[in-house]
Amino acid sequence: MRTTLNPLLRGGAAAAAFAITLFGAQQAKAVGTIEVFQELFLSLDVSGSISNSNFNLYRNGYVNAFSNATVQAQILDTFDKGGLAIAVGQWSTTAFTPPVIDWRHITDLTTDGVNGGTSLSSFITALSAMDRQGFGATCVDCGMADAINEINTNDFFTTRANGRVIDISTDGAGNTTAGGCGTVSQCAQAQRASAVASNIIINGLGVGASASTFLTANVVTPLNGATKAGFVETANNFDQFEAAITNKLIREVGPAPGESVPGPLPILGAGAAFGFSRKLRRRINTANFHQA
């Protein structure tokens with residue numbers, strides 16, 4: 001004899017199925033296995049137009065920006081939400097791989113090993129010792145493609161709509177491409193579309209007006225549903241780079257003002273759904289047994 005479920009059980013089954021499906025979809029998007037609050041890839045132009053003295057200003061600007069109290073407060077605010085995954089790459093005629101500073105999971109300001117991660121202090125030390133990896137032309141789409149690949153293939157994941165960020169710094173418009181994608185602008189736009197498809201936000205820092213104009217038109221993320229639009233910060237010259245990158249990090253790292261930060265509820269909800277579905281199956285089996 002067929003058993004008919006009452007409305008409560010039917011509703012519960014639907015809720016369980018929805019929660020399980022949602023959980024599975026979220027996990028399917030995640031290549032990595034370590035959940036973090038934010039993934040940030042710093043992508044640096046080291047083409048021939050950047051002299052060694054300007055590269056030193058570049059590097060020292062990043063060191064001092066990550067040592068800034070306001071930036072550190074923003075990073076500190078991620079620690080109880082999974083922390084910050086960060087890496088640094090360089091590019092010119094092509095992207096230099098692997099990243100000059102490979103992926104690190106920042107979980108404390110000064111102490112390594114907290115929750116299995118490393119400290120911001122260790123990352124700053126690595127930044128201060130960072131060497132230049134090359135010279136050459138300016139292939140912006142090469143840097144973009146490498147940064148997108150790094151975020152899509154690292155060991156981390158985030159469920160935040162705005163949690164995957166690429167930070168591109170350059171002193172000019174592109175003057176070469178990876179090939180097979182059209183003009184310099186078209187190639188950058190194609191990589192921008194690829195980032196959008198991967199739910200990655202690209203922000204830019206242009207040293208000089210021409211760099212900022214190119215970044216705005218071709219590189220940074222347009223407004224895209226739940227994903228916020230990217231932005232461009234401008235430094236008139238490398239002497240102003242430190243102030244610009246500091247302002248940029250304050251804007252892009254950590255929770256945005258008024259942001260409602262997701263906790264572990266999706267996982268807990270899925271677990272509850274699995275538990276409910278097991279109880280539901282037992283009740284159905286019991287009912288079938290008594291009806292037989």
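- The side chain to side chain donor-acceptor pair (under 3.5 Å) test applied to Asp80 returns no partner, not counting sequence neighbours.
- Every residue two or more places apart in sequence or in another chain that forms a side chain to side chain donor-acceptor pair (under 3.5 Å) with Asn203 is listed here: Glu252.
- In this view, Thr110 and Asp108, Ser121 satisfy the side-chain contact (heavy atoms from CB on, under 4.5 Å) rule, not counting sequence neighbours.
- The disulfide bond (SG atoms under 2.5 Å apart) contacts involving residues 39-71 comprise nothing, where partners must be two or more places apart or lie in separate chains.
- Sorted by first and then second residue, the pairs that involve residues 62-77 and meet side-chain hydrogen bond (donor to acceptor under 3.5 Å, both in side chains), not counting sequence neighbours, are Tyr62-Ser169, Asn64-Glu242, Asp77-Lys81.
- Judged as a side-chain hydrogen bond (donor to acceptor under 3.5 Å, both in side chains), the pairs with a partner in residues 123-134 (not counting sequence neighbours) are, in order, Asn52-Arg132.
- Here disulfide bond (SG atoms under 2.5 Å apart) pairs that include residues 109-161, with residues two or more places apart or in two chains, are Cys139-Cys142.
- Shown here are the side-chain contact (heavy atoms from CB on, under 4.5 Å) partners of Thr93, two or more places apart in sequence or in another chain: Ala137.
- The ring pair (Phe, Tyr, Trp, His ring centres under 6.0 Å) pairs that include a residue from residues 121-152 are Phe66-Phe123, where partners are two or more places apart or lie in different chains.
- Taking Asp167 as the reference, Lys248 meet the salt bridge (charged side-chain N to carboxylate O under 4.0 Å, His left out) condition, with sequence neighbours excluded.
- Asp171 pairs by the side chain to side chain donor-acceptor pair (under 3.5 Å) definition with Ser49, not counting sequence neighbours.
- Annotation: side-chain hydrogen bond (donor to acceptor under 3.5 Å, both in side chains) contacts involving residues 188-197, sequence neighbours excluded, comprise Gln189-Asn218.
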